[in-house]
2 protein chains.
Amino acid sequence: MPVERHEDRTPSAAQDVFAEALAAYHPPQGMTEKHRRIVEAALRIFAQKGYAGTSTAEIAREAGVAEATIFRHYKAKKDLLLSLVAPLMARLVGPVAVRSAAEIAGDPSLSLEEMLRRLIRDRLHFALENAPRFRILLQESFFHPELRDALWRGIWQQIHDVVAAALRQRMERGEIRPVDLEVAVRVLVSGVASFILPRLMGLQAPVADDEKEIAATVDILLKGLLQGPAGAAAGVPADETTGGPQGRPDTEA
Amino acid sequence: MPVERHEDRTPSAAQDVFAEALAAYHPPQGMTEKHRRIVEAALRIFAQKGYAGTSTAEIAREAGVAEATIFRHYKAKKDLLLSLVAPLMARLVGPVAVRSAAEIAGDPSLSLEEMLRRLIRDRLHFALENAPRFRILLQESFFHPELRDALWRGIWQQIHDVVAAALRQRMERGEIRPVDLEVAVRVLVSGVASFILPRLMGLQAPVADDEKEIAATVDILLKGLLQGPAGAAAGVPADETTGGPQGRPDTEA
DNA sequence: AATGTGAGTGAGTGATTACTTACATCCGGC
DNA sequence: GCCGGATGTAAGTAATCACTCACTCACATT
């Protein structure tokens with residue numbers, strides 16, 4: 001990058017990026033006050049203007065520290081970026097998240113419907129909790145091949161494997177039709193993503209009722225759009241503007 | 001933006017961006033050789049490194065012109081960016097594209113299945129034809145509110161209206177179940193997007209057969225995943241790795 | 001032949017870039 | 001008291017940023 005000119009001179013943020021960044025990542029409580037404010041400012045400004053569109057001077061100004069203080073903690077600007085997304089990556093592909101998702105997806109006692117609802121709720125909650133980090137990871141993966149690879153190989157493959165396994169299990173039990181697994185995973189995940197991404201990006205009109213929308217989304221994904229051959233549909237009626245007590249505000253943590 | 005420091009001094013790329021950019025857009029045949037090469041270089045490099053990550057010096061070098069030549073044709077760097085995405089926006093929301101999509105979506109003689117297949121083929125073709133412009137519009141809409149608004153208000157609303165109208169029509173005819181229209185549109189469009197976006201981003205493993213995947217996607221969107229209550233499913237069998245002559249390589253232009 | 005015009009450019013402009021260096025200040029262990 | 005490491009910063013550094021200026025050149029109109 002010509003705009004980031006010293007970038008490739010330092011070997012700091014070069015090869016096996018995440019091993020290094022994860023090692024360098026110390027949790028918030030080990031940080032000094034100023035260090036914490038640098039991270040917060042960077043998180044906020046990167047999410048808004050992007051990595052290449054943000055100068056270290058602005059981060060320092062916004063954090064109320066001297067510019068050199070940033071480089072006391074990070075060898076290069078890019079290391080700061082990586083330190084922001086690395087913990088998110090770790091939580092996404094780490095054993096905790098995978099086990100949590102796999103537990104939901106693999107639980108045979110859950111109806112497919114309930115499983116999908118929980119998955120959407122679970123991921124929506126997680127995404128909104130880490131919204132700025134998610135946004136940065138997403139938008140910067142356009143420009144940084146290492147991030148794109150990590151996102152693709154790490155996160156997508158994880159999601160894919162968990163969902164595919166759950167679908168295969170239920171397909172063998174005859175619960176779902178024998179559709180192409182890859183396509184089914186793609187459609188399912190994109191349906192969930194269409195729920196989460198607009199909220200993550202700050203688009204999205206004021207939503208009336210998340211639970212109702214989740215139920216309707218799952219309903220369509222499971223039963224399709226077509227009129228059943230024998231009046232099969234028994235799910236959410238959903239005549240567009242109905243606001244009756246049909247959502248389910250109970251549900252677990 | 002501190003990185004783009006002169007940006008807000010010039011009133012050139014300020015308010016009603018697209019009116020201006022569209023007016024300034026002259027089709028390729030009216031360009032000089034060097035101007036054309038500037039546009040091509042910018043298209044290529046912006047798509048790869050992003051607007052903020054690309055310097056005018058690099059564009060000039062890559063185009064084989066002097067840096068000042070860029071500013072002979074564009075008042076500011078941002079005007080160059082807008083001139084790249086404006087024609088795409090115009091074609092997306094303009095009467096041609098809307099009529100084409102609306103014709104497909106509104107044609108009552110088409111089966112819902114065939115309509116969706118044509119829509120996917122049509123949009124996939126269009127997206128791949130304009131891949132760099134699409135990519136730039138998508139990635140820069142994270143950072144430029146005017147682009148985000150245009151993409152949201154213009155393109156999404158167009159898509160939404162066309163698809164919603166088609167669905168409502170078929171819902172009134174009893175062809176599809178009475179589901180929530182907004183949710184149905186969202187799931188449908190995201191299913192199509194999940195088909196197009198990975199190809200646009202250069203992700204996506206080498207795909208065996210587009211037609212087969214389109215058919216399988218449409219099948220799932222229409223009939224859902226669940227086993228029908230009376231063995232209803234009659235669509236694509238799709239036992240994961242079957243490669244037999246079941247795709248439909250006929251289909252129109 | 002004089003004049004005008006748009007394309008094109010070499011050589012700048014001052015501001016800003018990521019990053020460094022040298023030098024303080026703090027704080028806990030001896 | 002004194003040392004050593006970690007934290008913080010003012011004041012740089014050379015390179016690069018978007019953009020401008022003064023100018024040439026080719027060509028068209030008169």
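Each chain gets a letter, A, B and so on, in the order its sequence line appears, and its residues count up from 1.
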Side chain of [X], heavy atoms from C-beta onward: which of [options] has the nearest atom to it?
| X | options | result |
| --- | --- | --- |
| Ala76(B) | dC21(D), dC19(D), dT21(C) | dC19(D) |
| Ser55(A) | dT20(D), dA18(C), dC19(C) | dA18(C) |
| Ala66(A) | dT20(C), dA10(D), dG8(D) | dA10(D) |
| Thr69(B) | dG8(C), dA18(D), dT9(D) | dG8(C) |
| Thr56(A) | dC19(D), dA18(C), dT9(D) | dA18(C) |
| Glu67(A) | dA18(C), dC21(D), dG8(C) | dA18(C) |
| Val65(A) | dC19(D), dT9(D), dC19(C) | dT9(D) |

Less than 4.0 angstrom between a side-chain N/O of [X] and OP1 or OP2 of [N], yes or no?
| X | N | value |
| --- | --- | --- |
| Lys77(A) | dA18(C) | yes |
| Lys78(B) | dA18(D) | no |
| His73(B) | dG8(C) | yes |

To the nearest angstrom, how far is [X] atom [atom1] from [N] atom [atom2]?
| X | N | atom1 | atom2 | value |
| --- | --- | --- | --- | --- |
| Arg36(A) | dG8(D) | CZ | P | 12 Å |
| Ile70(A) | dT20(C) | CD1 | P | 13 Å |
| Leu80(A) | dC19(C) | CG | P | 10 Å |
| His35(A) | dC26(C) | NE2 | C1' | 18 Å |
| Ile38(B) | dA18(D) | CD1 | C1' | 15 Å |
| Arg72(B) | dA18(D) | CZ | P | 19 Å |
| Tyr74(A) | dT20(C) | OH | P | 16 Å |
| Arg61(B) | dT16(D) | CZ | P | 9 Å |

Would you compute the distance between atom CD1 of Ile45(A) and atom CD of Glu62(A) and round it to the nearest 0.5 angstrom?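 Nearest 0.5 Å value for the CD1-CD distance: 4.5 Å.
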
dist Tyr74(B):OH -> Thr56(B):OG1 (nearest 0.5 Å) comes out at 13.5 Å

Q.
Which label fits Trp156(A) and His160(A): parallel for a plane angle under 30°, tilted from 30 to 60°, or perpendicular past 60°?
A.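 Tilted.
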
Candidate pair Glu33(A) and Arg37(A), rule salt bridge (Lys or Arg N to Asp or Glu O under 4.0 Å), full reasoning: CA-CA 6 Å; Glu33(A) 164 71 9; Arg37(A) 270 157 59 194; 3.7 Å; yes

**Message:** With a 4.0 Å cut-off on N to O distance, would you call Glu211(B) and Arg121(B) a salt bridge?
**Reply:** yes

